[in-house]
Amino acid sequence: SASATECRRRKMEDCGSSRRMDASLMAALLVLVSLSAGVSGDSFTVLKAPKYVSFREGEWPVSGERIPDLVALTMGFSVEEELSWPGLQGGNLFQRPQANFLIVVRGVGSLPLPQPAASYPVENAVPFTLDSVANTVHTLFSEDTPVVLQLAPSEERLYMIGKANTVFEDLPVTLQQIRGRLSQDNSILNSLPPNSLSRNNEVDLLFLSELQVLHDIAALLLRHNHLAKDHSPDLYSLELAGLEEISRHYGPDSQQMKDATRILATLLQKFADDVFGIYSRNAVVEVVTVKSFESPLMRKSRSILQSIEIGNPGSPYNLAYRYNFDYAAIFNIMLWIMIGLALAVIVIAYNLWNMDPGYDSIIYRMTNQKIRLD
């Protein structure tokens, strides 16, 4: 019996030790998973922001589909659905940024940016656009003609309204135009540090073209710095896919990818410093880095000189027009005004029909028989 008891005791000790080992392995696995997610995850980084737009330090994740709402809130606009995200604090009601620059970098989860103001992880990285914010800016400040620029050089997609048509009329937008710009003496190629990128490779040229667009936008804004003194906020949205093509062509651990990442991080910081100074420190500059979007973005290209898209023309699916969230308020205003006018007409008509001329003004007194006899 003593030997049986000893065997049972040894089995229990072995079972307990194996359970502790399993628990330790599980904890180590969770730590590795969290570390890998923190290293390779997508990020939303704030490079520059005025003092009255306060971002808190923390690791609060931002949903990719809510980034347009976050941009709208930083510009002082309201959103349809409340954004319960603690990273952005309430700001000054009487001040709004003069401009917002959002740059989306595809192909990398994070960039070694020198001086970020705040950075947050991005979850559910789905494609998004700032069309809703652009429509809000155009609707509220249509008389002031604000600058709205949305550009994706890799897809040759450009949309600008307001004063952007005048300011950026010399901006190269197609890949052929940008490559012609790279061949000029004052192109950005002369200011880049030594690197392993080739000017004769189509993939490398796409990345260098995007760098040239960033440089030219800052140069044109510096030439037209009077835009920073008007009362209408400006909106800029850029999508860069050069890093994604380099990673796909050379590999994520290649020397070309390392050099391109370092160059882009340095140039983005310089771009943020330049536009922040042009707008007298009243601009917000954000960078969204995503390795890859979870679903492709299906979007129609817009004309370079298009001012605003109205209605839903040419839809092959007979879709309804885009819903306007002010419809309910406008409908109620018109409905009750019409009901009030209809009731007023009915009341006035009833009183006129049943009015006694004998008790009315002197105009109708002669119709009274008694007065006629007198």
Side-chain angles (χ1 to χ4, degrees), residues 36-47 62 64 67 101-116 119-123 125-129 150-158 172-175 178-179 181-182 187-189 191-218 236-272 285-297 299:
S36 63
V39 172
S40 63
D42 307 327
S43 62
F44 174 85
T45 304
V46 181
L47 290 181
V62 182
I67 289 179
F101 295 81
L102 179 68
I103 305 169
V104 179
V105 179
R106 290 160 42 187
V108 64
S110 61
L111 289 172
L113 297 166
Q115 300 173 352
S119 183
Y120 309 95
V122 175
E123 61 181 12
V126 297
F128 63 88
T129 65
Q150 299 185 61
L151 177 62
S154 62
E155 302 177 7
E156 298 186 353
R157 188 176 73 237
L158 174 66
V173 292
T174 65
L175 293 178
I178 301 173
R179 288 167 186 174
R181 175 72 177 88
L182 287 173
S187 69
I188 198 173
L189 296 179
S191 60
L192 293 180
N195 56 80
S196 57
L197 300 176
S198 173
R199 304 181 184 182
N200 300 321
N201 192 298
E202 292 293 329
V203 175
D204 299 352
L205 273 178
L206 173 61
F207 174 75
L208 296 173
S209 300
E210 293 176 345
L211 299 183
Q212 185 65 54
V213 169
L214 283 176
H215 177 270
D216 289 346
I217 289 176
Y236 304 86
S237 175
L238 305 174
E239 184 175 335
L240 310 180
L243 275 184
E244 185 178 33
E245 296 299 326
I246 290 180
S247 176
R248 186 180 302 164
H249 184 74
Y250 295 106
D253 299 326
S254 62
Q255 186 62 40
Q256 290 85 351
M257 184 64 179
K258 294 178 182 178
D259 291 345
T261 302
R262 174 174 50 85
I263 293 173
L264 181 59
T266 304
L267 190 63
L268 283 177
Q269 188 66 56
K270 182 180 183 304
F271 177 81
V285 184
E286 305 116 339
V287 176
V288 177
T289 54
V290 291
K291 280 193 171 181
S292 62
F293 286 118
E294 296 183 2
S295 59
L297 176 62
R299 175 174 175 165

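If you read the sequence from its start, that first residue is 1, and numbering goes on from there.
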Decide yes or no for [X] and [Y]: does some side-chain heavy atom of the first lie under 4.5 Å from some side-chain heavy atom of the second?
| X | Y | answer |
| --- | --- | --- |
| L240 | F207 | no |
| L268 | V105 | yes |
| L47 | Q269 | yes |
| V173 | P153 | no |

Return yes if some donor-acceptor pair links the side-chain N/O of [X] with the main-chain N/O of [Y] below 3.5 Å, else return no.
| X | Y | answer |
| --- | --- | --- |
| S292 | G107 | no |
| N195 | D259 | no |
| Q212 | L182 | no |

Working to the nearest 0.5 Å, report the span between [atom1] of [X] and [atom2] of [Y].
| X | Y | atom1 | atom2 | value |
| --- | --- | --- | --- | --- |
| L111 | L243 | CG | CG | 6.5 Å |
| L205 | L197 | CG | CG | 10.0 Å |
| T45 | E286 | OG1 | CD | 10.0 Å |
| H249 | N201 | NE2 | CG | 4.5 Å |
| S191 | H215 | OG | NE2 | 6.0 Å |
| T261 | I246 | OG1 | CD1 | 8.0 Å |

Answer yes if the side chains of T289 and D42 hold a donor-acceptor pair under 3.5 Å, and no otherwise.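 No donor-acceptor contact under 3.5 Å links the two side chains.
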Please report the closest heavy-atom contact between [X] and [Y], naming both atoms and the distance.
| X | Y | value |
| --- | --- | --- |
| V285 | A272 | CG1-CB, 3.8 Å |
| S43 | G109 | OG-O, 3.2 Å |
| P114 | A265 | CD-O, 4.1 Å |
| G64 | V126 | C-CG2, 4.3 Å |
| A241 | R106 | CB-CZ, 3.8 Å |
| R262 | P193 | NH1-CG, 3.9 Å |

Evaluate the side-chain contact (heavy atoms from CB on, under 4.5 Å) criterion for residues L102 and L238: first the C-alpha distance (whole Å), next the side-chain angles of each, then the deciding distance (0.1 Å), finally the verdict. CA-CA 6 Å; L102 179 68; L238 305 174; over 6 Å; no
Charged N to carboxylate O below 4.0 Å: is that the case for R179 and E210? no
State plainly whether the residues E244 and K291 are in salt-bridge range, i.e. N to O under 4.0 Å. no
May I have the step-by-step check of side-chain contact (heavy atoms from CB on, under 4.5 Å) for L158 and Q150, ending in yes or no? CA-CA 6 Å; L158 174 66; Q150 299 185 61; over 6 Å; no
Over 60° means perpendicular and under 30° means parallel, so tell me whether F101 and Y236 are parallel, tilted or perpendicular.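 Rings of F101 and Y236: parallel, under 30°.
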Start with the C-alpha distance between S247 and V108, add both sets of side-chain angles, then the distance that settles side-chain contact (heavy atoms from CB on, under 4.5 Å), and finish with yes or no. CA-CA 8 Å; S247 176; V108 64; over 6 Å; no
If you apply the rule side-chain contact (heavy atoms from CB on, under 4.5 Å), what do you find for F271 with T266, and how did you get there? CA-CA 9 Å; F271 177 81; T266 304; over 6 Å; no
Begin from the C-alpha positions of R181 and D216 and carry the test salt bridge (Lys or Arg N to Asp or Glu O under 4.0 Å) through to its verdict. CA-CA 10 Å; R181 175 72 177 88; D216 289 346; 3.2 Å; yes
